[in-house]
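Counting starts at 1 for both ligands and their atoms, in listed order.
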Amino acid sequence: MERLFNTHEVRQQKCLDGLWEFQTLTENKLPDYYTDTMTVPACWEMALPYRNYRGLAAYRTTVSLNHEGSIRLLFKGISHTARVFWDKNEIGTHYNAYTPFEFILENQVKGKHELEIIVDNRFTENSKLHVPNDYFTYGGIIRPVFVEELSEVFIQRVSFTSIYKLKEWSANLQVVLENLSTETREVILEVTLANRKIKKSVKLKEKKREIVRVNITGLEVTSWSLEQPNLYFLTGELYQENVAIDDSIDRVGFRRISIKKSQIYLNERPLFIRGINRHEDHGIDGAALSLAEMENDLRMIQDLGLNAVRTAHYPNDERFLDLCDEKGVLVWEEGHARIASLEAITDPLFIEQSLTVIDEMLENHQNHPSIGIWGCLNEAASDQIKAAPVYQKHLDKLKKDKTRLVTYASDKHSTDLFLNKIDIYSFNCYPMWYGNLTIADYLKIIQNRMHTLKIAEKPIIISEFGGGAIYNFHDVMNVKWSEEYQAQLLTTLLKELENAQVAGYFIWQFSDTRVSQEGDYNWPITRPKSRNNKGIVDEYRRPKMGYYAVKEVLNSLNK
Ligand code: ADA
């Protein structure tokens, strides 16, 4: 299933998940034959022969069309570069594992067609965001694939923005329609939201895309909140001569997030963020977590008493966001960049690729009420004036969305230059793990920096803190890497943070994650078992002592 609900009742959508043919490649071209099979979606590392494979591989499946005309091929995530072929013709490429993409093909005939994809997960000059890192770039078709039969005029997407004015909710919708035919077409667009129906007649010129704006005021809805995550279906339907020809179904919510001085508010009520950073990584499934695994992660996160997730360091699977919408978990979603140097982030290809991810994230995830914060450029060169244009470009894009707060996680506690451009001052701090500073020391340094920069008082969030523990390694001396030490660290720091002048925190991190073997930095040297072991559960979601320590501190609070 594409989402947690049907996205179409009129449009025919077929999921192409299953067993595809598979072939590793030595050259970037389609193979003459396929010798193996691979499950879609999955990371190829999860199949024993490809456990360590970094390279090129081709996938093939047969798609049967029952329809003459146009189709849409929808790919939710391929890691990290995809070249897509339809009946042996290349129809396009996409870079980046963590964002969806699509192709529209016209004039298709009924019957069997061949869909082939060359997938590349190598670290090359062309993959500026996928670099050897403190997490793993898996290979493969890691999220679901769909084929849809399109009518000549169809709904490309419906973007939703909620507005609260004079104690009333209204919705601003942008319905993107497209006419693929060579003639002008007239259609009726019917939008339904919270028992309200709006009809509009739309004339679309041949081969043109049209944005129809719909404003629905005075909606009788209840706000989305963490305690009561109220959701509403938003349906767009297209009619031609009274016949439904296409539709689009989404789920939305109404909420406000804002700041006043150092406090964050959700629906005008003070919100203290108790969050956790989470990588899409699992000991069995890699980055291709099943719905059950995603649900279980959130179940554990809520069981701990946490209320927020940071999708460090890339946009997440939409089904995970659906689950957050449904369960009432606040999300800080971020673009794809966990990188430090000025040289790296000022590279034109880096800028192009990271901005494209931001565009795709905003376009695809705009309607999720759970996303309250947009982030970008984790621990990049925010202390270098030459990085200003890069930060500006990223933040300008994020700030176009007035219904969310914008931030980036910095590790430049005493030297950061761009804090005046963001809504939340977010800092990654690792007391008791790296260096000798305490939370209080860090906060003093951050306050001093705010003072020197003469910037407004705003919420401060500790966007990362934590320490490593190897699952089942116990030591009476509480040495680093023991479960005992991690539990003690988390107890101490959580208690401090609960009483500090901050608007919230995000523990680093939910589960242990695999790290890259390659690269000059040599991640495995500081990461036993080639994993970032700061998870409070291991890669199979087995809780460490740290998990129970977090739960105990949070349970003891008088919330
Ligand atoms: C950084 C970074 C994380 C992780 C962490 C760590 O703060 O943002 O991705 O690498 O350090 O574990 O050291």
Item to complete: Kindly identify the option in D134, T513, T526 whose heavy atom sits closest to atom 4 (C) of ligand 1.
Response: D134
Item to complete: For Q509 and I536, indicate whether the former's side chain and the latter's backbone hold a donor-acceptor pair under 3.5 Å.
Response: no
Worksheet item: Got a donor-acceptor contact below 3.5 angstrom from the K397 side chain to the I358 backbone?
Response: no
Give me the residue, atom name and distance of the protein heavy atom closest to [atom].
atom: atom 5 (C) of ligand 1; value: Y430 OH, 3.3 Å
atom: atom 12 (O) of ligand 1; value: K534 NZ, 2.6 Å
atom: atom 3 (C) of ligand 1; value: E464 OE1, 3.4 Å

Worksheet entry | Under 3.5 Å: N/O of W523 near N/O of ligand 1 | no
At under 4.0 Å between heavy atoms, is it the side chain or the backbone of [X] that contacts ligand 1, or both, or neither?
X: D411; value: neither
X: H313; value: side chain
X: Y434; value: side chain
X: R310; value: neither

List every atom of ligand 1 that sits less than 4.0 Å from any heavy atom of [X], numbering the atoms from 1 in the order shown and giving each element.
X: R338; value: 2 (C), 3 (C), 9 (O), 10 (O)
X: N428; value: 7 (O), 8 (O)
X: N378; value: 2 (C), 8 (O)
X: R527; value: 6 (C), 12 (O), 13 (O)

Give me the ring orientation class for [X] and [Y]: parallel if the planes are under 30° apart, tilted from 30 to 60°, perpendicular past 60°.
X: W523; Y: Y521; value: tilted
X: F418; Y: Y391; value: tilted
X: H279; Y: H313; value: perpendicular
X: Y442; Y: H413; value: tilted
X: F506; Y: W332; value: perpendicular

Worksheet item: When you measure from the centre of the six-membered ring of F510, is the NZ or CZ of R310 under 6.0 Å away and within 45° of the axis?
Response: no
Practice prompt. May I ask whether H279 has any heavy atom positioned less than 4.0 angstrom from an atom of ligand 1?
Written response: no
Worksheet item: Where do F427 and Y505 land on the ring pair (Phe, Tyr, Trp, His ring centres under 6.0 Å) test, with the steps shown first?
Response: CA-CA 9 Å; F427 286 94; Y505 54 76; over 10 Å; no
